Amino acid sequence: MTQLLNSLNPAQREAVAAPLGHQLILAGAGSGKTRVLVHRIAWLIQTQGLSPLSILAVTFTNKAANEMRHRVETLLGWPAKNMWIGTFHGLSHRILRAHWQEANLPEGFQILDSDDQFRLIRRAMTELKLDEDRWGVKDAQRFINSQKEEGRDPSEITAYDHATATFVKIYQAYQEMCQRAGVIDFTDLLLKTHRLWQNHPQVLAHYQQRFRYLLVDEFQDTNAIQYAWLRLLAGHENHMMIVGDDDQSIYGWRGARVENLQRFCDDFRHARTIRLEQNYRSTGTILKAANALIAHNTERLGKNLWTDGSDGELITVYAGFNDLDEAYFIVNRIRDLQYTGHSLRDIAVLYRSNAQSRVIEEGLMQYGIPYRVYGGLRYFDRAEIKDALAYLRLIANQQDDPAFERIINTPLRGIGDRTLTAIREFAKTEQLSLWHALQLLLERQFFSARMAGSLESFMQLIRMFAEKCRTLSLHEQVELVIQQSGLIAHFRQEKGEKGIARVENLEELINAARQFEQESGAEESAQLTTFLAYAALESGEEQANISEDSVQLMTLHSAKGLEFKVVFLSGCEEELFPHYLTLDDPKGIQEERRLCYVGMTRAMRKLYITYAESRRLHGKESYHKPSRFLHEIPGELIDEIRFRTKVSRPTTTSSTTTSTATFSSSRDTPFYPGRTVTHKIFGEGVVLGCEGTGEHMKVKVRFAKVGTKILIASFLNVE
DNA sequence: TCTATGGTGATTTTT
DNA sequence: TCACCATAGA
């Protein structure tokens, strides 16, 4: 047992071996918080004799949950398969599946993702005859989600003005549509679980008695409904350990409430606060700089990171002439690092907004440095995948209007907007699902003979699928649907790389289903439902070939929780960072400062901070002062370099290739870096570099499909 | 129903 | 600037 504690520092040990009761662990960046959580779980089981089944561990992302489960298993030495470790949404989902009746849900309820939600809200607005230009769908969506996060039903909202009253009407209509279609959105997962507990004390009691010990990660990111959820589950009897860092609260804009940390201490009396301040990640210099920066924030719970390691190198600040020059500097430093034997995966370039990645990508491309940009489309979010899943949803439940809308004319079968509007209107007046409405309209011979034919064959198709699927395994169902729905044929027609990729993605879905069959313990009859929920809740890893050693490009937000040996914090200019939309709100600026703190503390050994004196933004050249955050870092920790040569944007033509050719020395060949080329077998790719001349020139090309290859120029075609 | 064109507007993201 | 949308015309 003491073995468990041996590897920990005093503060960590205090947290891990704290007596039962409530604990708030204020865990600074890089202080080993996951380690503490995982050890605490092991300690509860091994020394306190708690059953693994009486422990509930909650995180925000699937990634964090998977990591925690994995580390618990490693530490305990046995599989923790039946332990409840998961996200708020995943755990809520599990509970709602078990209590669908009490929760007033259909047995096979499905989950809407944000995109489905958007479409359904838009439809609700059309039905209410609201002008989309005046009433933004996005605004309505935000309104609805934030009301739900506060736990409010449409009937519970007092509307003092016309705008709010309108949004409430939309909320009401949307909610009714969800109910009728048998679907729920992400926030509903939490809200309906909370309601379930409130309305059914015996269900609540069951979970309260089962989960005697709750552990919550990243508590500063909890919103109102999540807090209420936890509080209800904890009741008066149970114990709770929460881990968080108020200085890393960067999601206030999407409803996260840092105040929940303080509130926890008020609500759960006698909660013990333990600070983890020893940092195992960064150099002394980086920590001093980060501490100095964050000290400019007010109302902190207070924390000072320290290390017993060395001070390391100074922070290099680079003042670029413009954004190109800034990128040029970063790329050159990366090349230096590469030559001195660093792995590219240890290097990250961070920025405030996604648009900033472009210039840096172009620079990296010129030198053929592989990179990976985070924040792309995820597997289950791809249109073709969502189409296929919509077929499966409609097969499972014909009331599923969002699924119906998605595929009624995908692939194209000549069912246009007018036909659809007629179905929608009939469905609305008769309070029916679209499927049912269509059925009745066909019976009444509402449509022209031709249209009726198309519609009838669509319904036949779905009925046939439903019939056949009864006897098929999950992956066979998927296969049947993507083959015979015409989806594959449809995307095969699509020209270029895109179509090929889509077909491949669809085929991959069969594999995903097969894998799911083997891994999920679900009964065969429930597998389709569970698979669909899995697809909605776990949108999958971003696609990238992880095997290739590449520089990591991402926003500051997505960098949270990660660490890299070398970090470039780019675009540190007023109005970009802190972002101009936050400038008039002191709270906003403080959150930006925390974002900067998060960024800086990602660096283990070396931190570069860069900015540009001028930058092309929204098509215009703009000038900004260096970020105020730079001035908040003590000068003695900084080594500032200014640009030596002006790197100007070519003023001639404005195509991408010429503007980036600033980096390139080999413009005189048709195979200059950045150029798109095609190859008979490998498809489309981007030139990274070349050597030699004429027909025998060797060209290094990165192909979308097969990765980087060096080829003889004569085998390549310039588009 | 598909394609071309012009207007618009432009943080951060997970489930 | 550029990517997204909505609308008009084939």
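Note that the structure is a prediction, hence the values are computed from the model and not measured. So you know, we letter chains A, B, ... as the sequences are listed, proteins then strands, and number each from 1.
The CZ atom of A/Arg358 sits 11 Å away from the C1' atom of C/dA3 (whole-angstrom rounding). Distance, A/Tyr374 OH to B/dT12 P: 18 Å, rounded to whole Å. Remark: C1' of B/dT15 and CG of A/Leu96 are 14 Å apart, rounded to the nearest angstrom. Distance CG (A/Asp113) to C1' (B/dT15): 10 Å, rounded to an integer number of Å. Computed from coordinates, the A/Ile589 CD1 to B/dT12 C1' distance equals 16 Å when rounded to whole Å. Look at OH on A/Tyr597: it is 24 Å from P on B/dT12, rounded to the nearest Å. For the pair A/Asn223 CG and B/dT13 C1', the computed distance is 13 Å after rounding to whole Å. Between A/Lys148 atom NZ and B/dT15 atom P there is a gap of 19 Å when expressed in whole angstrom units.
A/Tyr374 places none of its side-chain heavy atoms less than 4.5 Å from the side chain of A/Leu553. In this structure the side chain of A/Leu350 never reaches within 4.5 angstrom of the side chain of A/Thr555, judged on heavy atoms.
Residue contacts for A/Asp221: at a heavy-atom cut-off of 4.0 Å it reaches no nucleic acid atom on any strand shown. When heavy atoms are screened at a 4.0 angstrom cut-off, A/Ser114 is found touching base atoms of the nucleic acid. Counting any heavy atom pair closer than 4.0 Å across all strands shown, A/Asn145 reaches no nucleic acid atom. If you check every strand for non-hydrogen atoms under 4.0 Å, A/Ile415 touches sugar and phosphate atoms only.
Between A/Arg352 and the options A/Glu573, A/Glu592, A/Glu575, a salt bridge (charged side-chain N to carboxylate O under 4.0 Å, His left out) holds for only A/Glu592.
Listed here is the closest heavy atom pair of A/Asn409 and A/Gly414: OD1-N, 3.3 Å. Of all non-hydrogen atoms in A/Gly571 and A/Phe577, the two that sit nearest each other are O-CB, 3.7 Å.
Put simply, A/Arg616 has no side-chain N or O that comes within less than 4.0 Å of OP1 or OP2 on C/dC2. Contact annotation: A/Ser539 does not reach the phosphate of B/dT14 (side-chain N/O to OP1 or OP2, under 4.0 Å). Considering only side-chain N and O atoms, A/Ser558 lies under 4.0 angstrom from the phosphate OP1 or OP2 of B/dT13. Distances shorter than 4.0 Å separate some side-chain N or O of A/Asn62 from OP1 or OP2 on B/dT15.
With DNA chain B read from its 5' end, the first of the two nearest nucleotides for A/Ile250 and A/Arg413 is the one closest to A/Arg413. Residue whose closest nucleotide on DNA chain B sits further toward the 5' end, between A/Gly416 and A/Thr61: A/Gly416.
The aromatic rings of A/Trp197 and A/Trp229 sit tilted relative to each other, their planes meeting at an angle between 30° and 60°. In this structure, A/Trp253 and A/Tyr251 have tilted ring planes: the angle between them lies in the 30° to 60° band.
Nucleotides B/dT12 and C/dA3 place their P atoms 15 Å apart, quoted to the nearest Å. Separation of the P atoms belonging to C/dC4 and B/dT11 is 13 Å when rounded to the nearest angstrom.
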Extract from the structure each pairing of a protein N or O with an N or O of nucleotides 7-11 of chain B at less than 3.5 Å, listing the distance.
unit_1, atom_1, unit_2, atom_2, d
B/dA10, N3, A/His618, ND1, 3.3
B/dT11, O4', A/His579, NE2, 3.3

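Proximity of the aromatic rings of A/Trp84 and A/Phe211 is defined here by a centroid distance below 6.0 angstrom, and this criterion is met.
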